[in-house]
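What follows is one structure encoded as structure tokens, with my remarks underneath.
Values in this document were obtained by computation on a predicted structure and should not be read as measured data. Whatever order the structure lists them in is the order used to number ligands and atoms, beginning at 1.
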Amino acid sequence: MKIGVLALQGAFIEHEAVLKRLGVDAVEVRLPADLDGVDGVIIPGGESTTMGKLAVQYQLIEPLRELAHAGKPLWGTCAGLIFMAKDVGRDQPLLGLMDVTVQRNAFGRQVDSFEANLNIQGVDGDRLFHAIFIRAPLIEAVGAGVEVLARVEKDDAEVIVAARQGNLLVTSFHPELSNDDRFHRYFLKMAESKT
Ligand code: GLN
């Protein structure tokens, strides 16, 4: 099993570390050729506008779309979720793969970063998942083919923070920072079923 981690900017090292701990070959993706032979790709957190501009510059947009269309799993965390979305309410380079409407920085500024224990659909175990949100986006609306995996409370309402659409997975939070590899194992299961 070989998983690519988009390594243009952001928290890619942390994802690689989890993958290596799980005995998976992790490759840093900076150029289209780095995608050769990968079984799936993780798009890390960071800053989505910068990441998108770099992806355009390095000609990665089309190869990533092709991989997704070929059924390989893609997982976007935080800025990666924004980059995978169809609609983020503003003009910035996007993969536009996932049928979700995203609100960037929905929980406030850097100082409003927070942690929450979540019940996540499909992530097994008898304890909640400790999720870390850093200037996180939220998912405002999902299309018909999108399954909601987790919600968090915000202003007395429940907002969507994890979702899946077939081979596409997105989370507003950072599982790579949680010291809990269950979410990575969930993604690897998606990748295994495609190999
Ligand atoms: N606020 C960032 C953005 O809008 C995302 C933050 C993150 O990835 N932790 O791109």
May I ask you to identify the nearest protein heavy atom to [atom], giving residue, atom name and distance to one decimal place in Å?
atom	answer
atom 7 (C) of ligand 1	Cys78 SG, 2.7 Å
atom 1 (N) of ligand 1	Asn105 OD1, 2.7 Å
atom 4 (O) of ligand 1	Arg104 NE, 2.8 Å
atom 2 (C) of ligand 1	Gly46 O, 3.6 Å

Does an N or O from [X], backbone or side chain, lie closer than 3.5 Å to an N or O of ligand 1?
X	result
Gly45	no
Arg135	yes
His174	yes
Ala79	yes

Using 4.0 Å as the upper bound for N to carboxylate O, is an ion pair formed by [Y] and [X]?
X	Y	result
Lys189	Glu192	no
Glu47	Arg104	yes
Arg185	Asp181	yes

Report, in ascending order of atom number, the atoms of ligand 1 lying under 4.0 Å from any heavy atom of Ser48.
-> 3 (C), 4 (O), 10 (O)

Any atoms of ligand 1 less than 4.0 Å from a non-hydrogen atom of Glu47? List them with their elements.
->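 Within the 4.0 Å cut-off of Glu47, ligand 1 contributes 10 (O).
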
Hphob cluster co-occupancy, [X] + [Y], side-chain heavy atoms under 4.5 angstrom:
X	Y	answer
Ile3	Leu31	no
Phe183	Ile43	no
Phe173	Leu6	no

Considering only heavy atoms, does Ile82 approach ligand 1 within less than 4.0 Å through its side chain, its backbone, both, or neither?
-> side chain

Give every residue pair that meets the salt bridge (charged side-chain N to carboxylate O under 4.0 Å, His left out) criterion with at least one member in residues 9-25, sequence neighbours excluded.
->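 Output for this query lists Glu16-Lys20.
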
Spacing of OH belonging to Tyr186 relative to CD1 belonging to Ile120, to within rounding of 0.5 Å | 10.0 Å

